[in-house]
2 protein chains.
Amino acid sequence: MVETGVRTRTRQAILDAAVVVLSRDSSASLSEVAREAGVGRTTLHRYFAERSDLVHAIGTLTLERIAVATDRAKLEVGPAREAIVRLCREYFELLGDVLSLVFTDPQFSSGLDWHEESDSDLELLALVQRGHRDGSIDRELTPEWVQQALWALLYAAWAFVRECGVSRHEALGQCLRSLDRMLHPVGERAG
Amino acid sequence: MVETGVRTRTRQAILDAAVVVLSRDSSASLSEVAREAGVGRTTLHRYFAERSDLVHAIGTLTLERIAVATDRAKLEVGPAREAIVRLCREYFELLGDVLSLVFTDPQFSSGLDWHEESDSDLELLALVQRGHRDGSIDRELTPEWVQQALWALLYAAWAFVRECGVSRHEALGQCLRSLDRMLHPVGERAG
DNA sequence: CTGAAACGGAACAGTCGTGTTCCACTACCG
DNA sequence: CGGTAGTGGAACACGACTGTTCCGTTTCAG
């Protein structure tokens, strides 16, 4: 049974719609997701038998995107602080609405590898430690906190776009500048 | 009909329990809230006839706390950047779990003055503008973004406590330092 | 002791989301 | 033309949560 083009497209449409709807209201009904996707509720159930299957698929999709973004950012290149800013930019581009879901709602983060420290998480923590050594990141900020703050600022940037009607480019600019300044060691001139 | 001490205490217990339970899962049932409060579901309905009444009460409570925190921070005193950091500290102390609710869930922010720019919001925006004038805040960061970022970092700090088991004091320290560094104008020595 | 206040539990009807089944429709390929 | 893949809609049973009513219990002040 080959996965035809039609099936792939329908599946993707449902997945996209789910992200849009559930990021607005994580307890939205499957009917709303189906309507957003422009398909019948029956069809939705053909692709994702249970709600948890849909949620799980979104989680997996997100993990994949995070891995891709981490890869693209080439964390090993250049000063650690610049690498983190690059990573933040990649996250912003790839994660969009998915972010608010995984960031805020417990149902998406549970039941996955997630929290058991994915590879990307570990890479980020190691990167901050490198920044401590090479002097590009404020030594008083712990790696775990930098991680938290990175995600929080990303979330803020997307909320900025959504709620304040700011352009993506503008929001990303403010976000990256804030992150860079935040990590910058105290008592040195800015780059 | 005097509001006896008993009634006040019961009402407060329910409200506190609601914050705890709903901040874990905003779609939790009222039975769970009642159980957390150590109260029968019937009693809960005596104080908050409908779910929306409970939600609304939490919203009002939060607005009050924000107003108190804004007042305590004495925003008019000293350089704007220091005032914002003071404000952040007050928010952290007063808002606790409530934060994750109002910050992430649409149901709590809708149906209130909220977003229609409460007084505290306006004060914060004006404060950032003052910071632009007195040179204590990076002029490239817009007031609206600073507002977003402030809330996001606060949320991150509480998540840091919850998920990473860090002490409140430690989390607050990282948060305030990050905020201060973020707002700091480029090209000047740190204070 | 008496009565009011506050409470908890059981029970009920109503609503809503879910997951499933069945059937009819369309598009397309051979 | 006939068959298949993909779909949408109607209908159903089931469970969960909600809001309400009723009744028995506890507590405490007068």
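Below, chain A is the first sequence line, B the second, and so on; all start at residue 1.
Partners of B:Asp134 by side-chain contact (heavy atoms from CB on, under 4.5 Å), not counting sequence neighbours, listed by chain and number: B:Ala80, B:Arg130, B:Ser136. Evaluation of the side-chain hydrogen bond (donor to acceptor under 3.5 Å, both in side chains) rule for B:Ser26 yields B:Asp105 as partners, not counting sequence neighbours. With sequence neighbours excluded, the residues satisfying salt bridge (charged side-chain N to carboxylate O under 4.0 Å, His left out) with B:Glu90 are B:Arg72. A search for salt bridge (charged side-chain N to carboxylate O under 4.0 Å, His left out) contacts involving B:Glu50 returns nothing, not counting sequence neighbours. With sequence neighbours excluded, no residue satisfies salt bridge (charged side-chain N to carboxylate O under 4.0 Å, His left out) with B:Glu64.
Within the structure, side-chain hydrogen bond (donor to acceptor under 3.5 Å, both in side chains) contacts touching residues 93-102 of chain A (residues at least two apart or in different chains) are A:Glu93-A:Arg168, A:Asp97-A:Arg162. Counting only residues at least two apart or in different chains, side-chain hydrogen bond (donor to acceptor under 3.5 Å, both in side chains) contacts with residues 27-46 of chain A comprise A:Asp25-A:Ser27.
Mapped onto DNA chain C by nearest heavy atom, A:Ala49 and A:Ser27 fall at different nucleotides, with A:Ser27 at the one closer to the 5' end. Of the residues near DNA chain C, B:Arg41 and A:Glu50, the one whose nearest nucleotide (by heavy atom distance) lies more toward the 5' end is B:Arg41.
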Can you name the atoms? Protein N/O to nucleotides 22-30 of chain D N/O, anything below 3.5 Å, with the distance.
none

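Counting to the nearest Å, the C1' atom of D:dC17 and the NE2 atom of B:His45 are 9 Å from each other. When the P atom of C:dA5 is taken as reference, atom CZ of B:Arg9 falls 17 Å away, rounded to whole Å. Between the CG atom of A:Leu44 and the P atom of C:dT18 there is a distance of 10 Å, rounded to whole Å. Distance CG (B:Leu54) to P (D:dT18): 10 Å, rounded to an integer number of Å. Note: CZ (B:Phe48) to P (D:dT20) measures 15 Å, nearest angstrom. The nearest whole Å value for the distance from the CZ atom in A:Arg51 to the P atom in C:dG17 is 10 Å.
Rounded to the nearest 0.5 angstrom, A:Leu15 CG and A:Tyr47 OH are separated by 12.0 Å. Between atom CD of residue A:Glu82 and atom CD1 of residue A:Ile137 there is a gap of 10.5 Å, rounded to the nearest 0.5 Å.
Distances were taken from every side-chain heavy atom of B:Thr43 (C-beta onward) to each of C:dC7, D:dG19, D:dT7; the shortest belongs to C:dC7.
Within residues 28-38 of chain A, the residues approaching DNA chain D are A:Gly38, by heavy-atom distance under 4.0 Å.
Put simply, B:Tyr47 has a side-chain N or O that comes within less than 4.0 Å of OP1 or OP2 on C:dC7. Between A:Thr10 and D:dT7 there is a side-chain N or O to OP1 or OP2 distance below 4.0 Å.
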